[in-house]
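Report on the following structure.
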Amino acid sequence: MSGLAARFELERGAFTLDVDFELPARGVTTLSGPSGSGKTTILRCLAGLERPRSGSLSLDGERWFDSVGGLDRPPHRRSVGYVTQTAHLFPHLDVRDNLLFGLRRVRERAPALSLESLAEPLGLRSLLERSVANLSGGERQRVAIGRALLASPRLLLLDEPVSALDLAAKGEVLEAIERVLCDLTVPCIYVSHDLREAARLADRMIWLDGGRIVAQGPVRDVISNPRLPFAQDEDAESLLIGKVTAIDQEAGLACVAFPGGELWIATTELPHEAEVRVQIRARDVSIALERPKAISVLNILPGTITDLTQVKASPSQVLVSLEVGQSRLLSRITRRSARELGLTVGLHAWALVKSAAITK
Amino acid sequence: MSGLAARFELERGAFTLDVDFELPARGVTTLSGPSGSGKTTILRCLAGLERPRSGSLSLDGERWFDSVGGLDRPPHRRSVGYVTQTAHLFPHLDVRDNLLFGLRRVRERAPALSLESLAEPLGLRSLLERSVANLSGGERQRVAIGRALLASPRLLLLDEPVSALDLAAKGEVLEAIERVLCDLTVPCIYVSHDLREAARLADRMIWLDGGRIVAQGPVRDVISNPRLPFAQDEDAESLLIGKVTAIDQEAGLACVAFPGGELWIATTELPHEAEVRVQIRARDVSIALERPKAISVLNILPGTITDLTQVKASPSQVLVSLEVGQSRLLSRITRRSARELGLTVGLHAWALVKSAAITK
Amino acid sequence: MDLSPFWLSIRLSITVTAILLLLGLPLAWWLARTRSPARAFVEAVVALPLVLPPTVLGFYLLLLLGPKGPLGPLLEALDLRLVFSFPGLVVGSVIYSLPFVVNPLKNTFREIPEGQLESAATLGAGPLDRFLRVVLPLSASGAVTAAVMGFAHTLGEFGVVLMIGGNIPGETQVVSIAIYDHVEQLEYAEAHVYSAGLLVFSMVVLVLLYSSGRARRQARFR
Amino acid sequence: MDLSPFWLSIRLSITVTAILLLLGLPLAWWLARTRSPARAFVEAVVALPLVLPPTVLGFYLLLLLGPKGPLGPLLEALDLRLVFSFPGLVVGSVIYSLPFVVNPLKNTFREIPEGQLESAATLGAGPLDRFLRVVLPLSASGAVTAAVMGFAHTLGEFGVVLMIGGNIPGETQVVSIAIYDHVEQLEYAEAHVYSAGLLVFSMVVLVLLYSSGRARRQARFR
Amino acid sequence: DELRIAVAANFKQTAEALCRSFSVEHPVRCVVSSGASGLLYAKIAQGAPFDVLLSADRERPERLEREGLAVAGSRFTYALGQLVFWHPGRRVGADLGAALADERLQSLAIANPRSAPYGAAALEVLRAYGIDAATQYRLVQGESVAQAFQFIASGAADAGFVSAAQLFQYQSNTGRTLEGELLPVDATLHAPIEQQAVLLRDGATDPVAQAFLRYLQSPPALALIEAAGYSTPVP
Ligand SMILES: Nc1ncnc2c1ncn2[C@@H]1O[C@H](COP(=O)(O)OP(=O)(O)OP(=O)(O)O)[C@@H](O)[C@H]1O
Ligand SMILES: Nc1ncnc2c1ncn2[C@@H]1O[C@H](COP(=O)(O)OP(=O)(O)OP(=O)(O)O)[C@@H](O)[C@H]1O
Ligand SMILES: [Mg+2]
Ligand SMILES: [Mg+2]
């Protein structure tokens, strides 16, 4: 059996964790949920830093923990890469020695990566000889991620690696993470509160609440499911996965074809045929019954309304789900507009997506 | 002379501060600028926690600092309310005694406020007997603000009071700040990196860069000036100040009239005739040359293009300034749309503002 | 069995602890906060009694404070007799136990964030007000450690007291001297009883101190 | 002038410091991390020498380690003679100076964030590896303080050595005993020279320690 | 009124006994402070409030007298110390020379010969037997003769020289007799261990202090001193 299978039960004060999940042998899974829902606790159980009262854990058929057999492999013999909000770099080592700390301790097999191969995607080249004391927050996290990856983990755990950073650093580190994750051949769990990070990085998603798994599945289904908390969020978005088919150098735009249509995105850096994820905020999507003319909105997509849901937190808003080809698009509009336009399930409509609002 | 007049020069390592500004006798001024531009240093000079090499400071004609006369009134004799990112509550006192710490030390005049009068707007009533050790971050900041206000300051300094909080707490504290600031009768400086906080709370704005004042003036002019960094930001917004003229209870919308037109906003809590600030993100505004029909966008305003500016950070985008009546609206659209629509200064156009995108 | 050395030791320890706190609080505060270049020197002088043999310290105190010493005329003018008297033991023990009180105080004081004091200042509290109403309450745990260490260490003080004390029963013969004396007089039974008393007392004090320590060590400043 | 007491004291201090570090490192680590209920008790026992008069400690060590003492037969079987010998002074001084080494180590160890160790563990470092490659390097400053305090304090050791030393020149006659002897023999000039030497040496060591302290105290963990 | 007596540690209990009998006639409270003679000297030189010094030697009272810290002409020998060789281990016979020559005797405890007269006397005895103590034994020195006693009593030293007074004192304190061989040392083998008393400046005009010194030379006092294990000077 390949991939990860975990079942954990444990109590911490009033909190009870009770989860049972499997992860494929590769790919990124976002673990999300309210504060205190147990995300960090799960990761610590996986890394062997916390011992569940009962349960089991195996990776690629190899058993790491089993409460019945009394088996509990200690963290240093698990090959887990674990990066948290705080980089926890070793202050007595320079950047290079921090990076090599885990690599030098790889046992029983050859290291999967070399320092050289990671220096580029993580932007570490100019940092190698620096002392860790005067790295910026973003640099620290990049080093922490590199350090974890160089230890050749068989499972990578990232616990809100960017949530303590300011906006600029967050962007820089997320890009680095994105670059290394796409080459990763082991399962990765990425804990985040942030929908957009999840949509950007993950293939699958687990939604946790009160120590239990409430929903899981492919990211684009979970985040745009109007019945799950993500879609209810003010920053709710839908995720389209498509391919670059044309580039307009002069305007700085690229055309992305996805199952159901085409979108123009503000970027020229993508190569032709590149697979891209397009995140579209529900509040950036307007609905029209006629195709408007002479308007600055570039992307106007035809679709069919499949769902209308009241937004719980804000009574004046409704959430419209549109089927655009085989893709789902969320739009958040006022209830008055929905009524005035007479929107109902099954109606044909145009979705106006400001291309400036597409983040990726 | 009433109000505050300050002139500070000081060096800290490679950094030089050289500012000269005045503040009116009441009203909130946002102090903003890049990290390291000297915002905190200015506040510390005002509070007497830092001594400028040269300069002067007077409040309502009373001199607090003068490098020529060698005058430097110590912090505890300045009556300055100073709240920072960290609440710095006294752990040995309960919430009530923290709140009363400054009040009990008011000298030479009667305290301006009572604990009772602040308990409501700051939501402190249920906290009074609590130990400060187990307050949440948001509660801590509300107590810190209450404590500073109860000391009857003659000048209130808020140094990023919400920037260390998570989103939910940030909202809660900002609301509390908003409630107390509107009754404030002394000058207040609010340091923030966040455009939306500034737009929401402040009357005036000072933009600092490298220890010097780069721009200052009424908030709505500074933030929507396409030549200043705010408008260049991805979250750039314009600010409209208007009055509630109608409320559609059923749809959950309120109509706000401002110099130049009307907007429907998703809120029903505002009383009739209330003065409100409407923040409109530039990227939430689309431009059309013809008025579109059968569209979910509620707010479609006519205006005249007054400026077209390239967005520096993103070559595919342009920033369009529209004069709507006497108000200025920013719109961020793709360069291709601008070209296809043939936008030029002086052209008449329609601004499509998604009402769902109006935050306040 | 003569309990007077015990009472004398306890009286001495209490007096010395009280004086040490009075002296140690401002001194430790200064050491914790100053940026003066003299700091390291003063810290070293305060720590000297940790390093110097107590008998050596006592001998030089004897020479310094005796009527023929450099401070003799001054003390005489003040009508103060410091050697061979209880006040003399107090002075010697204060010097000897000073680092045991100043060091824990200094460490607690260093933990008090500058922001707490700046807050207090902007809220209208002057320097003394801040020290009394913010610094002291926040340093309670460090002050307890300091007081207990000062007390316990004075209780066990031997060398200095031997030198400047004069071994006068009921006046300068504290318990450590009494034990030594009993050993010298081959009165081992008495020495054992005194030692056991001292041991039990010290253990009780230290166990209490250390078991309460963990709770107090939690992070308090945010 | 006979310098051998000086050399002996320095030799003793170096030996004792080395042994104290070897003993103190694991002991302090255990004390800093354990949640065992025995912790407070062990901490108190380690701190006892701070509190007990050194002569009392020395007297009981003499009874304990002498051939008739409880440990006598064991030591005889091992052919170890601890009283009146350099090794005996070492044992006595190790016990006496233990708290001066364990306390600073314990404090530094407590400052090491759990996250540093967890990181090291997930990066494949086992317990000993973590201690040697993470804990020790991170505690360098505390270890220096501990070593200096242990060294300096042993240098000034008097009471324990007096009781179990036997004043054998070149073997157990350390400088503190030599000063005492000179005072006893009314040879004050020699006593002054020895004391001045000790004072200067101690001051230099302490001033160096404290002036380097501030730099090291900066926040390092993020 | 008080009579403050500074006494060498080895004579303390005897001094207390003397005080008790002295105060039967003189209603005075005696405060007896003991210490090493050298330290007592240093303290008296620094103004310690003592009326009378009962030293364990003659050198320090002499010096006090010379330096004007004691009343000139008040000095006299109140007791002569008796040296005893104590070997707790096994029977070694009554011959001191043989006992000292026994090669199984490895560590020998004496009082510090430079500060304690008993120690100096012990060295003289060894020399008289033709023994070079430094090479023959592991010579351990106690700061006082009491410490030499402890070294032997604890078994840490094989044997050593103590004072006869200590043996009496130990037996009366503990009610136990000392084990092992106790060989009195011929007093002619060493210079007399003169313990001298002197009237200090503080007590110079105190009639009680003067009376005490006179008492010390009276037959009842001499009897007490002899009973404690000292010999007394022939008047
Ligand atoms: N040692 C402990 N003792 C008591 N409660 C604990 C302990 N450790 C964790 N908890 C509780 O377990 C719950 C889950 O904590 P956890 O840190 O896993 O949440 P999280 O989902 O990571 O939250 P966040 O998003 O805030 O990081 C919380 O309610 C927390 O209070
Ligand atoms: N004591 C000091 N020594 C050297 N440089 C200092 C000192 N204090 C402040 N500075 C420098 O002064 C500059 C201004 O700092 P300040 O904290 O006022 O900036 P800021 O605008 O508040 O930044 P931020 O947004 O990050 O809070 C920075 O470059 C800082 O490095
Ligand atoms: Mg967490
Ligand atoms: Mg700042």
Side-chain angles (χ1 to χ4, degrees), chain C residues 1-2 4-5 54-56 58-73 75-76 80-89 92 158-174 177-193, chain E residues 2 4-16 29-36 38-50 56 67 69 111 116 142-154 162-163 165-176 178 201-202:
Chain C
M1 162 138 208
D2 182 12
S4 78
T55 37
V56 171
F59 178 60
Y60 287 98
L61 279 178
L62 179 66
L63 297 188
L64 186 76
L65 301 176
K68 294 187 187 160
L71 295 185
L75 292 171
E76 205 147 332
L80 255 179
R81 176 164 208 139
L82 286 189
V83 283
F84 322 118
S85 67
F86 186 75
L89 294 198
F158 170 76
V160 175
V161 171
L162 176 73
M163 286 297 190
I164 65 170
N167 196 3
I168 302 167
E171 189 164 348
T172 60
Q173 194 191 48
V174 296
I177 298 286
I179 296 174
Y180 183 74
D181 214 48
H182 283 304
V183 170
E184 281 277 293
Q185 300 307 319
L186 321 184
E187 296 161 351
Y188 295 153
E190 286 86 344
H192 294 339
V193 171
Chain E
E2 278 185 345
R4 292 173 170 257
I5 303 168
V7 59
N10 69 332
F11 199 69
K12 184 186 180 197
Q13 288 193 350
T14 315
E16 282 171 343
R29 201 170 82 88
C30 290
V31 180
V32 176
S33 296
S34 66
L39 289 188
L40 290 175
Y41 166 85
K43 292 175 184 184
I44 291 163
Q46 288 304 321
F50 297 124
E67 289 169 353
L69 294 163
E143 269 324 308
S144 59
V145 69
Q147 228 195 333
F149 183 91
Q150 278 163 35
F151 288 163
I152 305 164
S154 68
V162 297
S163 77
Q166 286 178 304
L167 309 178
F168 286 92
Q169 195 169 329
Y170 181 81
Q171 281 162 12
S172 79
N173 285 349
T174 61
R176 278 185 282 168
L178 286 168
R201 221 174 30 179
D202 267 15

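Naming: A, B, ... by sequence-line order, numbering from 1 per chain.
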Notebook entry, point to check: What part of C:L162 lies closer than 4.5 angstrom to a heavy atom of chain E: side chain, backbone, both or neither?
Noted result: both

Check: About how many Å separate CD of E:Q46 and CG of C:L62, when rounded to the nearest 0.5 Å?
Finding: 5.0 Å

Notebook entry, point to check: With only heavy atoms counted, which part of E:Q169 is less than 4.5 Å from chain C, the side chain, the backbone, both or neither?
Noted result: side chain

Note to self: Between E:V32 and chain C, with a heavy-atom cut-off of 4.5 Å, which part of the residue counts as in contact: side chain, backbone, both or neither?
What the structure shows: backbone

Note to self: Below 4.5 Å, heavy-atom pairs only: which of E:G35, E:A48, E:A146 has the largest tally toward chain C?
What the structure shows: E:A48

Notebook entry, point to check: Using a cut-off of under 4.5 Å for heavy-atom pairs, which of E:A45, E:P49, E:A36 has the most such pairs with chain C?
Noted result: E:P49

Margin query: I'd like to know which of C:L186, C:D181, C:T172, C:L65 tops the heavy-atom pair count under 4.5 Å against chain E.
Written below: C:L186

Notebook entry, point to check: Considering all heavy atoms of both residues, which atom of C:F84 and which atom of E:G47 are nearest to each other, and what is their separation?
Noted result: CE1-C, 3.6 Å

Notebook entry, point to check: Quick one: what part of C:L63 sits under 4.5 Å from any heavy atom of chain E, side chain, backbone, both or neither?
Noted result: both

Margin query: Tell me if a side-chain donor or acceptor on C:E184 pairs with a main-chain N or O of E:N10 at a distance below 3.5 Å.
Written below: no

Notebook entry, point to check: So what's closer than 4.5 Å to chain C heavy atoms on E:E143: side chain, backbone, both or neither?
Noted result: neither

Note to self: Please check this pair: side chain of E:N173 against backbone of C:Q185, looking for a donor-acceptor N/O pair closer than 3.5 Å.
What the structure shows: yes

Next item on the list: May I ask you to say whether E:R4 pairs ionically with C:E171, meaning some side-chain N is under 4.0 Å from a carboxylate O?
Entry: yes

Note to self: What part of E:S34 gets within 4.5 angstrom of chain C, counting heavy atoms only: side chain, backbone, both, or neither?
What the structure shows: both

Notebook entry, point to check: With a 4.5 angstrom heavy-atom cut-off, which part of C:Y188 approaches chain E: side chain, backbone, both or neither?
Noted result: side chain

